[in-house]
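A short write-up of the structure that comes next.
Keep in mind that the numbers below use all heavy atoms, side chains included, and drop hydrogens, waters and symmetry copies. Below, read A as the first sequence line, B as the second, and so on, with proteins coming before strands; counting in each chain starts at 1.
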There are 2 protein chains.
Amino acid sequence: MRWSKISDAVIRRLPLYLRVLEEVGRDPDVKLISSQELGDQAGVSPALVRKDLGWFGEFGKQGVGYEIAYLASELRRILNLDKEIPVALVGVGSLGSALVRYAGQRYEEEASFNLHIVALFDSSPNKIGGNVDGIPIWPMEALKEQVAEKGIKIAIVTVPSSSAQMVADQLVAAGVKAILNFAPVQLTVPEGVHVANADVSLELQRLAYYLST
Amino acid sequence: MRWSKISDAVIRRLPLYLRVLEEVGRDPDVKLISSQELGDQAGVSPALVRKDLGWFGEFGKQGVGYEIAYLASELRRILNLDKEIPVALVGVGSLGSALVRYAGQRYEEEASFNLHIVALFDSSPNKIGGNVDGIPIWPMEALKEQVAEKGIKIAIVTVPSSSAQMVADQLVAAGVKAILNFAPVQLTVPEGVHVANADVSLELQRLAYYLST
DNA sequence: TAGATTGTTAATCGATTAACAATC
DNA sequence: TAGATTGTTAATCGATTAACAATC
């Protein structure tokens, strides 16, 4: 544990900053960025940008700003994106397959989207042995072995709600530390395992609220 | 505008409460639920459940609790889910197609997921005229007409980042009031239009942070 | 009635913003 | 040097929790 007690709200903004830095860094003439400019592009106040970065160190120079390339590399280090991260995906339905392709594209396009889906899992016999974009589909029985062998710490769950908790349990047992859950259920995981919910269903229902305002 | 100034944090929890109510409501013997029980199942404190509901009215009985069917119907009304909501989707790639199927499934399985994708749009000539699960794919030129004809107020955007802002502009011009954006860019929309970001890329990068803790 | 639980106000907690000394 | 912008502390704002009177 490197920095304890840094709030999730802070962590959530770091990838956003990193994306802005990569965007502006494409212009080789621009070497520096101020918290004002970085905040503008990320949709955050300059004070908050400085406060967020302040949790991790001093990355800027007073009167000057932040060196784009340096700050980007520091953010990659903080987010563990300085090395390639192997990811598993469980549930190779249409959403699962689409996410494999989506992640592959991000991996190609975004310089520091360093997450790589390396193994797929499904329980359906007619999918096992197949692949999506060249990534092999394994039976659930192979989960533990593959997670260990490939050093997988993050998994994406795109199985039906009814099996999501069971799959999460298996992932945790196999040693996975973070889960991106697309199933419309609240997963229960032990302390130390992180779950992010990508619940499209809830988001759409939430948007419906604003139709009456 | 019915209730002004209710925070987004509150609105975000309402669909969650609704989901719990539907879940427990399946058992016909259970007619009542306390804020304690509702909170437990939604992962929220009982005090917060009562405070959230309190913004919209008095739905419970002291000493008794909340009548499940009644509270559910009130939440549906508040979230505009008491009537079917037509939705458009722009960008019929693999992610777009997958979401069409996903939404179709939610529509079947969840009693009050009352959002219905009724029109798809793409710029690729070899997709136009086709369909996904029977829902027709229109050219972008047909957007304004279809949105007006079908009364579409919500759209899902699954186009590449490079065209997302342009598509958003067209959606806004056509009269769409809420956008669920899957493209990894920050969309700019006028006052009164709501954007929810479903940025899988950011979520995964965020999860990577927790691998070092 | 007695016990339970709501609705609501006051207290607390945490996150964001404002301000400014330090310093490049 | 003078102007600019960081790093950081104090002030403010908003959201959550605690507490309890009202009441079913």
Side-chain angles (χ1 to χ4, degrees), chain A residues 3-18 20-21 24 30-75 78 186 202 206 209, chain B residues 3-18 20-21 24 30-75 78 186 202 206 209:
Chain A
W3 309 279
S4 52
K5 300 286 176 203
I6 292 173
S7 114
D8 189 63
V10 174
I11 304 305
R12 197 172 273 289
R13 285 186 292 265
L14 301 183
L16 207 54
Y17 299 153
L18 182 52
V20 170
L21 292 171
V24 300
V30 184
K31 297 261 180 276
L32 295 165
I33 194 166
S34 63
S35 59
Q36 174 75 57
E37 172 73 4
L38 178 46
D40 279 355
Q41 299 227 25
V44 159
S45 77
L48 189 52
V49 169
R50 296 198 300 275
K51 191 139 218 297
D52 284 348
L53 298 177
W55 289 100
F56 303 97
E58 307 190 358
F59 304 117
K61 274 200 180 63
Q62 277 106 326
V64 179
Y66 300 90
E67 209 204 310
I68 293 168
Y70 173 65
L71 182 56
S73 83
E74 286 296 292
L75 284 177
I78 292 162
Q186 196 66 35
L202 288 184
R206 174 171 84 82
Y209 171 81
Chain B
W3 310 277
S4 52
K5 299 287 175 202
I6 292 172
S7 114
D8 188 63
V10 175
I11 305 305
R12 196 173 274 288
R13 286 186 291 265
L14 301 183
L16 207 55
Y17 298 153
L18 182 53
V20 170
L21 291 172
V24 299
V30 184
K31 297 261 181 276
L32 294 165
I33 193 167
S34 64
S35 59
Q36 175 75 58
E37 173 73 3
L38 178 46
D40 279 355
Q41 299 228 25
V44 158
S45 77
L48 191 51
V49 168
R50 296 199 299 276
K51 191 141 219 294
D52 284 347
L53 298 177
W55 289 100
F56 302 97
E58 307 192 356
F59 305 115
K61 274 201 179 64
Q62 277 106 324
V64 180
Y66 300 91
E67 210 205 310
I68 293 169
Y70 172 65
L71 182 55
S73 83
E74 285 296 290
L75 284 177
I78 292 164
Q186 195 65 35
L202 288 183
R206 174 170 85 82
Y209 171 81

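- The minimum heavy-atom distance between A/V49 and A/Y17, with the atom names listed, is CA-OH, 3.6 Å.
- Remark: DNA chain D takes part in the stems C:3-24 with D:3-24, each of 3 or more antiparallel Watson-Crick or G-U pairs, criterion distances under 3.5 Å.
- B/Q41 approaches B/V24 most closely through the heavy-atom pair NE2-CG1, 3.5 Å.
- For the residue pair A/P15 and B/L202, the shortest heavy atom distance occurs at CB-CD2, 3.6 Å.
- Rounded to the nearest 0.5 angstrom, A/L38 CG and A/L48 CG are separated by 10.5 Å.
- Summarising the geometry of B/R50 relative to B/S35, their closest heavy-atom pair is NH1-OG, 3.0 Å, with the distance given to 0.1 Å.
- Using a 4.0 Å heavy-atom distance criterion, A/G54 is classed as making no nucleic acid contact.
- The shortest non-hydrogen separation linking A/I78 to A/F59 is CD1-CZ, 4.1 Å.
- Between B/I68 and B/L21 the shortest heavy-atom distance is CG2-O, 3.5 Å.
- In this structure, A/V10 and B/V64 both approach DNA chain C, and ranking their closest nucleotides by distance from the 5' end singles out B/V64.
- Taking the 5' to 3' direction, DNA chain C first and last meets chain B under 4.0 angstrom from a heavy atom at C/dA4 to C/dT9.
- Mapped onto DNA chain C by nearest heavy atom, B/K51 and A/G63 fall at different nucleotides, with B/K51 at the one closer to the 5' end.
- Once rounded to the nearest 0.5 Å, the distance linking CG of B/L71 with CG of B/L18 reads 8.5 Å.
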